[in-house]
Amino acid sequence: MPQITLPDGSHRQFDQAVSIMDIAGDIGPGLARATLAGKVDGQLVDATYLIETDADVAIVTSRDEEALELLRHDAAHVMAQAVQELYPGTQVTIGPAIEEGFYYDFAREEPFTPEDLVEIEKRMLEIVKRDLPIEREVLDRETARKIFTDLGEHYKVEIIDQNIPEGDEISIYRQGDWFDICRGPHLPSTGKLGNGFKVMKVAGAYWRGDSRNEMLQRIYGTAWPDRKQLKAYLHRIEEAEKRDHRKLGRQLELFLLHEEAPGSVFWHPKGWTLFNLLINYMRKRQDEAGYVEVNTPDVMDRSLWETSGHWENYREHMFSTQTEDERVFALKPMNCPGSVLMFAQGLKSYRDLPLRMAELGKVHRYEPSGALHGLLRVRHFTQDDAHVYCTEEQMEQECIDVIALVLDIYKDFGFEDVVIKFSDRPQNRIGSDEIWDRLEGALINALDSMNLDYKSFPGEGAFYGPKLEFVLRDAIGRDWQCGTLQVDMNLPERFDISYVAEDGNRYRPVMLHRALFGSLERFFGILLEHYEGKFPLWLAPVQAVVMNITDKQAPYVEKVEKMLKNQGIRAQSDLRNEKVGFKIREHTLQRIPYMLVVGDREVEEESIAVRSLGGEDLGSMAVGQFVQMVRQ
RNA sequence: GCUCAUAUAGCUCAGUCGGUAGAGCACUUCCUUGGUAAGGAAGAGGUCAGGCGUUCGAAUCGCCUUAUGAGCACCA
């Protein structure tokens with residue numbers, strides 16, 4: 001005789017086992033119609049789920065967060081059914097709900113074409129219209145194996161054999177003639193999916209996410225509770241694409257990407273101005289934080305990379321070069337070995353520690369061609385790198401300082417919530433487990449003492465040490481690692497560096513690798529999308545454009561431009577034979593923060609008429625007054 | 001690197017059935033001297049990514065290479 005407790009604390013007594021749907025019906029027929037699933041003691045279940053003992057129950061309707069995930073999972077099933085109806089012989093594999101949608105991976109010889117996707121979507125709508133009840137069935141392992149073997153669904157058989165632990169029940173969900181192995185839960189019927197979905201694109205994906213396996217065809221879709229929300233989502237994507245840094249980079253004449261140098265950046269004057277502003281900013285912050293700056297060679301002998309372990313562990317990503325005399329050099333993929341050589345020169349005392357050595361080094365990595373992506377993934381990039389040499393006792397505090405610094409710096413650019421990832425020892429690594437224990441502990445302790453949340457990524461650390469990564473998100477929701485902090489006792493050992501302690505003995509220092517922007521190229525790209533090209537005044541490559549109305553004012557405009565430049569303002573003049581409206585439009589599209597218009601009146605009054613990028617008329621003012629305003 | 005797609009003027013893009021290349025913007029020149037998001041006219045601009053093939057004939061069809069895009073794998 002189950003007693004049901006609802007979320008508002010009220011109780012309902014039933015004299016026999018009841019389903020979620022029964023309970024909803026008991027509360028009201030409207031609710032019953034809206035019921036999609038339920039939650040029993042916090043566990044998401046089907047609407048038909050039978051409750052036999054006392055439980056806390058919540059009815060899930062389309063208003064609940066959880067419903068969206070069910071909806072998307074259903075959409076994946078409906079899509080798989082559509083595909084198998086349209087293209088017999090296609091095998092199904094897995095099809096989960098994901099952020100903003102769903103996908104399903106199929107095994108089929110022939111590739112799906114864009115036209116196929118249209119057909120699939122049509123068939124899905126038809127299946128929704130059929131409003132097939134979605135029913136759960138439990139099978140024993142042998143029956144399940146036989147059914148899927150007979151159907152020729154070899155991937156499903158593999159899932160039964162390898163993914164479902166012996167003893168677990170195997171459930172299938174049936175909608176009409178079609179069914180799939182699935183843990184569930186699902187919506188009551190295909191009709192509940194509605195029409196707020198869209199088949200988006202097809203792409204390859206490896207079976208089990210392993211590049212050694214065969215490639216399947218993954219069809220992505222998006223699904224929402226209704227048509228309106230679908231449209232809103234599609235609109236959001238369109239808007240995000242307008243912010244694409246590759247597009248803005250061309251429009252705003254910031255940089256050039258060229259076929260002759262894949263994965264490499266040509267910086268136009270405006271882009272390079274901004275790039276250098278970022279460097280200036282970083283130099284100032286580092287100087288205040290007690291860093292010194294050095295510079296190391298780009299090309300170094302192979303033996304150095306053998307000592308560091310890169311030759312063995314990182315070779316496939318390295319550009320190497322052979323000279324006439326057959327000596328092999330490598331372009332540095334990282335700055336650390338060069339830094340260690342500098343530390344190793346001369347005797348270091350404990351008094352020198354912590355030694356924070358920064359370097360704006362350009363590193364070269366042969367990235368897989370398919371990974372290249374605008375400024376966000378390139379083969380040659382500038383790191384705001386630093387290596388902190390310290391004692392083991394100092395290590396944790398240094399980590400804390402770095403984390404505090406990086407988060408503070410991101411705030412200056414408006415990045416308030418930053419995801420921190422923690423990656424520990426990878427398979428391919430150097431150094432003993434005992435050392436790795438201490439290094440991983442230091443990072444975790446630093447985070448804990450700062451009360452910072454982080455996500456763990458087991459086995460994803462660098463080959464020489466565990467790392468923290470600071471992740472920012474781009475315009476269309478892709479995450480990009482920017483800053484990083486790695487602790488390392490291995491390179492110091494490989495290069496046998498030491499310092500002299502108070503007791504006169506030599507000890508090995510710990511080394512921290514850290515980058516705050518990470519890659520300046522990537523950070524640039526993310527900023528470009530983040531600000532949609534409307535950089536804050538202090539970063540804008542051109543801060544003000546002075547423009548004349550007729551040729552008569554040209555000499556005065558040039559004078560104003562000169563005055564502004566003398567005051568350290570990045571100003572340009574536009575003396576072209578165009579109407580002022582045309583010039584305003586053009587410089588607005590170029591995201592110039594201030595447009596300064598000069599006509600006869602301004603020449604007369606020795607002033608400028610100031611217009612902001614937002615279209616606001618700030619009135620006429622003297623040049624000095626404008627400079628004052630800009631400086632605030 | 002893998003799968004699929006794409007590559008035409010500086011940019012954004014048309015180009016039908018295989019018959020020898022087009023628009024808008026930008027650019028140059030001229031006219032216009034106009035007060036806050038596009039004034040007008042004329043002109044120039046192309047090895048249709050590169051290569052090989054099919055064909056009387058290829059931007060168009062096929063194959064290869066390169067680059068780019070989406071995703072996967074890899075990674076700052």
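Proteins get letters first, then strands, A, B, ... in listed order; numbering begins at 1 in each. Since we're looking at a predicted model, the values are computed, not measured.
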Provide, to the nearest angstrom, the distance between the [atom1] atom belonging to [X] and the [atom2] atom belonging to [N].
X        : N     : atom1 : atom2 : value
A/Phe102 : B/G71 : CZ    : P     : 16 Å
A/Glu253 : B/C27 : CD    : P     : 10 Å
A/Asp210 : B/G71 : CG    : P     : 21 Å
A/Gln251 : B/A26 : CD    : P     : 14 Å
A/Lys198 : B/A70 : NZ    : C1'   : 15 Å
A/Glu460 : B/C75 : CD    : P     : 7 Å
A/Lys247 : B/G69 : NZ    : C1'   : 13 Å

With a 3.5 Å distance limit and no angle check, can you tell me whether [X] reaches the backbone of [Y] through a side-chain donor-acceptor pair?
X        : Y        : answer
A/Trp272 : A/Phe255 : no
A/Lys583 : A/Arg576 : yes
A/Thr484 : A/Leu468 : yes
A/Arg591 : A/Leu589 : yes

(request) Could you give the distance separating B/G18 and B/U60 at their C1' atoms, to the nearest angstrom? (result) 6 Å
For nucleotides 12-14 of chain B, which of its nitrogen or oxygen atoms have a protein nitrogen or oxygen under 3.5 Å away, and what is each distance?
{"unit_1": "B/U12", "atom_1": "OP1", "unit_2": "A/Arg250", "atom_2": "NH1", "d": "2.8"}

(message) If a pair means Watson-Crick or G-U wobble with both distances below 3.5 Å, what does RNA chain B look like in dot-bracket form, with | marking bases paired to a different strand?
(response) (((((((..((((.....[..)))).(((((.......))))).....(((((..]....))))))))))))....
(message) Ignoring hydrogens and geometry beyond distance, is a side-chain donor-acceptor pair present between A/Gln91 and A/Lys156 at under 3.5 Å?
(response) no
(message) Looking only at side-chain N and O atoms, does A/Glu561 offer a donor or acceptor that is under 3.5 Å from a partner on A/Ser573?
(response) yes
What nucleic acid atoms does [X] come within less than 4.0 Å of, heavy atoms only: base, sugar-phosphate, or nothing?
X        : value
A/Val363 : nothing
A/His258 : nothing
A/Lys467 : sugar-phosphate
A/Phe517 : nothing

Is it true that [X] and [Y] make a salt bridge, defined as a side-chain N closer than 4.0 Å to a carboxylate O?
X        : Y        : answer
A/Arg243 : A/Glu532 : yes
A/Asp412 : A/Arg285 : yes
A/Glu119 : A/Lys122 : yes

(message) Can you build the contact string for nucleotides 31-42 of chain B? Use B for base contact, S for sugar-phosphate-only contact, and - for no protein heavy atom under 4.0 Å.
(response) BBBBBBBBS---
(request) Give the B/S/- string for nucleotides 1-6 of chain B, one per nucleotide from 5' to 3', where a protein heavy atom under 4.0 Å of the base yields B, of only the sugar-phosphate yields S, and otherwise -. (result) BBBS--
(request) Output all residues satisfying ring pair (Phe, Tyr, Trp, His ring centres under 6.0 Å) with A/Tyr155, sequence neighbours left out; order by chain, then residue number. (result) A/Trp207
(request) Examine the base of B/C72 for any acceptor or donor lying under 3.5 Å from a partner atom in the side chain of A/Arg218, and report the outcome as yes or no. (result) no
(request) Under the side-chain hydrogen bond (donor to acceptor under 3.5 Å, both in side chains) rule, collect the residues that match up with A/Gln553, sequence neighbours excluded. (result) A/Thr550, A/Asp600
